[in-house]
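As the structure is a computational prediction, the values presented were derived from the model and not from experiment. In the text below, chain A, chain B and the rest are named by the order of the sequence lines, each starting its count at 1. These values consider heavy atoms only, across backbone and side chains, with no hydrogens, waters or symmetry-generated copies.
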Protein chains: 2
Amino acid sequence: MIEIDGERLLKDLRALAEFGKAGTGVDRLALSAPDLAARRWLTARFAEVGLAAGMDRVGNVFGRDVDASRTVLIGSHTDSVPMGGWLDGALGVIYGLEIARTARARGYAGASGIDLISFQDEEGTYLPCLGSRSFCGDVADSEIAAARAKNGDALSEALAAVALELPPFRLDPARHRVYVEAHIEQGPRLESSAIRIGVVTGLVGIRRYRISFRGQADHAGTTPMATRKDAGATLISLAHRINTNMAALGSADTVWNIGQIVLRPGTPNVVPSEGEILLEIRDPQTEVLERIESEVLRWVTDIANSGPVAVAVQPTTRIPPTLMTPELGDAITAAARNQGEKVLAMPSGAGHDAMVLGRFIPSAMMFIPSIGGRSHDVTENTSDDDIVAGCRVLAAAIAQMLETLPQ
Amino acid sequence: MIEIDGERLLKDLRALAEFGKAGTGVDRLALSAPDLAARRWLTARFAEVGLAAGMDRVGNVFGRDVDASRTVLIGSHTDSVPMGGWLDGALGVIYGLEIARTARARGYAGASGIDLISFQDEEGTYLPCLGSRSFCGDVADSEIAAARAKNGDALSEALAAVALELPPFRLDPARHRVYVEAHIEQGPRLESSAIRIGVVTGLVGIRRYRISFRGQADHAGTTPMATRKDAGATLISLAHRINTNMAALGSADTVWNIGQIVLRPGTPNVVPSEGEILLEIRDPQTEVLERIESEVLRWVTDIANSGPVAVAVQPTTRIPPTLMTPELGDAITAAARNQGEKVLAMPSGAGHDAMVLGRFIPSAMMFIPSIGGRSHDVTENTSDDDIVAGCRVLAAAIAQMLETLPQ
């Protein structure tokens with residue numbers, strides 16, 4: 001059993017939240033001054049625990065259990081979105097710190113141990129999951145060379161400016177037998193079910209599409225309705241079809257979003273000549289995503305064939321679903337029930353570093369509730385009680401994993 | 001009978017099109033150098049005809065029949081939209097020039113005569129129908145002081161820069177007994193009906209609305225569909241209801257346009273917190289506009305009451321319909337039929353100076369076909385035959401009007 005110290009856990013979380021503090025949240029973009037200061041602070045904490053700690057060339061902070069030859073890797077990220085919450089990412093990293101600290105203090109030094117990591121730029125200021133993809137050897141130098149922030153700043157220049165020198169830490173599957181990441185839910189399901197522990201079955205696949213409409217600009221007063229080539233009307237018709245038919249088409253876990261609509265030229269007295277929709281679809285099952293995609297393409301063909309407006313679909317993002325390892329999830333469930341907690345098995349609708357790690361080694365994710373489901377905002381929060389309870393559950397699950405790590 | 005000279009008419013139209021020539025069209029924004037050069041050229045043409053001609057402080061060019069005490073006022077405008085067509089406005093002005101020239105040459109000098117006018121800024125570079133509104137005493141100094149072009153340039157500064165000095169010409173209802181404006185249709189109805197003469201029954205009223213939606217931004221992966229406050233989905237639902245129900249609700253002449261849609265924050269992975277639609281509705285009858293407005297407001301209330309997204313409607317433009325004078329239209333119809341032309345009675349879906357004049361004196365508008373219905377573009381055109389035939393019809397109608405002008 002690993003007996004964590006709840007007060008110390010909360011103190012460390014609050015100390016980390018001072019870096020880039022912004023009201024009740026943090027503004028700690030990857031490779032910004034507060035991000036690097038936080039990572040230096042974290043490196044010192046990892047070292048205090050007795051780990052061999054350092055920050056590599058992309059900003060991953062790694063703590064290596066020098067006594068162990070096979071480890072549970074516990075991690076998440078410490079960068080944030082602009083004006084983000086204090087727990088998104090930070091929670092999983094500080095859980096790892098507290099669990100490793102307690103475990104080593106109780107004499108867990110041995111063949112099976114705990115490595116810790118805080119990945120860089122999970123939030124994609126420059127390149128989403130840069131740190132975990134670099135750790136897994138899953139990012140090409142050319143991709144790093146091309147990556148830019150929304151404001152145009154190049155990742156390569158940001159990395160050169162901070163002049164980190166350690167060669168990249170790399171995943172070693174012979175050593176890192178499993179990856180475990182705790183995270184706030186960033187949604188309302190746990191809170192509304194009054195359940196404190198979510199065991200993630202898998203991370204949803206994400207498909208994004210740019211759907212473009214091309215008609216003809218015409219005077220909106222003199223052009224009869226019947227002769228218009230109205231890109232806007234066709235766009236609205238397709239968008240309505242998507243919104244009214246998607247629920248029946250998908251699974252219970254399917255979510256979708258029309259997050260952007262553009263009409264051109266965009267004035268009240270000109271029939272729109274062009275339109276654009278950005279559509280996003282998420283589901284934990286590839287076959288569901290495939291079924292939805294083929295049906296949406298059929299609707300597009302239907303609408304393009306039945307009117308004078310040309311419609312084109314361009315897939316822009318295709319992130320496959322990542323299943324978590326059931327045995328690891330079972331260990332978390334058992335630990336939770338042992339402590340009198342109910343458990344909700346659920347997909348993760350958001351992306352996480354576990355999405356990358358899960359493609360290389362057995363991985364698990366545990367969620368704790370987000371108050372009001374809020375996230376990516378300074379109002380993001382979780383009660384102290386839930387934070388401590390989550391760490392107790394995870395510590396017990398890790399203890400169990402350490403005892404049964406495959407040789 | 002006024003026997004116009006078709007070759008001379010076309011030559012004058014082409015001469016005018018040299019000012020601000022842009023490919024096959026013109027770029028002759030109100031108060032620009034080419035607009036003023038065109039107006040000086042036009043002043044000289046009016047003077048050649050024997051009219052007392054000048055350009056007033058807002059740039060209206062007026063030609064006064066010094067022999068007459070009561071007149072038919074013939075006019076339109078010579079400014080254009082950016083990269084506009086060569087006939088929009090110019091046609092009606094040069095028709096007037098040719099008809100007055102022919103009439104005076106044939107000895108029409110007498111108590112009943114013809115005055116000519118080219119109004120300034122009908123297209124609204126600074127202030128739509130500035131010239132006709134100034135002529136009718138229908139624009140406040142404060143409105144002129146506040147008017148700005150889209151690029152921020154002030155109308156007052158543009159007027160000061162060109163330093164025109166003549167006090168504004170004014171409508172004199174005792175003198176100007178009727179107003180007659182010929183114009184290209186700017187739509188496809190005449191062409192597709194193979195009819196060369198359109199007699200305008202009235203200019204449509206225009207109502208514009210800004211419909212705003214306020215929901216809540218949420219993570220599009222972690223927020224269940226059922227708990228979202230999706231401003232975009234509500235917007236799409238209302239837009240679809242408008243597009244599918246408006247035809248049954250309006251008259252045969254009703255046209256509408258959703259010309260602009262905005263979603264905020266406008267990214268694929270965030271549920272839209274805000275949305276905005278710009279809706280425009282046109283119809284020649286006030287009661288139809290009223291009926292549509294009350295029904296759209298009912299739909300908005302319905303949608304706002306049945307979901308978590310707040311919806312607000314702000315009327316932004318309310319231009320009432322303007323009926324043309326049936327007796328004047330009848331004179332044009334009779335003249336056309338006399339010349340073997342078919343006539344289409346039709347509303348004007350676009351605004352024109354006759355919309356302003358028609359509120360003060362009996363007014364008529366005549367349309368000739370636009371090739372492909374194109375307008376507000378350099379591709380705008382009409383065949384030479386149709387241009388000449390239209391002027392013949394209008395000349396005959398004006399002759400009839402001159403003989404029957406009310407004492």
Practice prompt. Examine whether an atom of A:V270 lies under 4.5 Å from a heavy atom of chain B, and if so say whether it belongs to the side chain, the backbone or both; otherwise answer neither.
Written response: backbone
Worksheet item: chain A: which of B:G266, B:P224, B:P347, B:S370 shares the most heavy-atom pairs with it under 4.5 Å?
Response: B:G266
Worksheet item: Among A:G351, A:A239, A:A247, who wins on heavy-atom pairs under 4.5 Å with chain B?
Response: A:A239
Worksheet entry | B:R264 versus chain A, the contacting section by heavy-atom distance below 4.5 Å | neither
Worksheet item: Does B:Q186 offer a backbone N or O that forms a donor-acceptor pair with the side chain of A:T222 under 3.5 Å?
Response: yes
Fill in: Per-residue contact mode, A:D218 against chain B (heavy atom under 4.5 angstrom)
side chain
Worksheet item: Any idea which heavy atoms bring B:A217 and A:R374 closest together, and the distance?
Response: O-NH2, 3.5 Å
Worksheet item: Do you know which of B:I242, B:I258, B:T223, B:T244 has the most heavy-atom pairs with chain A at a distance under 4.5 angstrom?
Response: B:I258
Fill in: Residue selection (most heavy-atom pairs with chain B, distance under 4.5 Å) from A:L278, A:V255, A:L235
A:V255
Worksheet item: Out of B:R228, B:M346, B:M246, B:R189, which one racks up the most heavy-atom pairs below 4.5 Å with chain A?
Response: B:R228
Fill in: A:N269 portion near chain B, given a 4.5 angstrom heavy-atom threshold
both
Response to the item:
Given B:P188, B:G221, B:G275, B:A231, the one with more heavy-atom pairs under 4.5 angstrom with chain A than any other is B:G221
Worksheet item: Heavy-atom distance under 4.5 Å between the side chains of B:H219 and A:E185, does that happen here?
Response: no
Fill in: A:R214 atom CZ: more than 12 heavy-atom contacts under 6.0 Å
no
Item to complete: Side chain from CB out, backbone as N, CA, C, O: work out which of these in B:S192 comes under 4.5 Å of a heavy atom of chain A, or both, or neither.
Response: neither
Discussion item. Quick check for you: among B:P265, B:A350, B:A233, B:G373, which has the greatest number of heavy-atom pairs under 4.5 Å with chain A?
Written reply: B:A350
Worksheet item: Are any side-chain N or O atoms of A:N257 and backbone N or O atoms of B:A220, one a donor and one an acceptor, separated by less than 3.5 Å?
Response: no
Worksheet item: Roughly how far, to the nearest 0.5 Å, is CD of A:Q260 from CG of B:L263?
Response: 6.0 Å
Worksheet item: Do you know which of B:S237, B:G187, B:G349 has the most heavy-atom pairs with chain A at a distance under 4.5 angstrom?
Response: B:G349
Discussion item. Using heavy-atom distances under 4.5 Å, tell me whether B:S375 contacts chain A through its side chain, its backbone, both, or neither.
Written reply: neither
Fill in: Pair A:V262-B:V262, side chain to side chain contact (heavy atoms under 4.5 Å, CB included): steps then yes or no
CA-CA 7 Å; A:V262 174; B:V262 174; over 6 Å; no
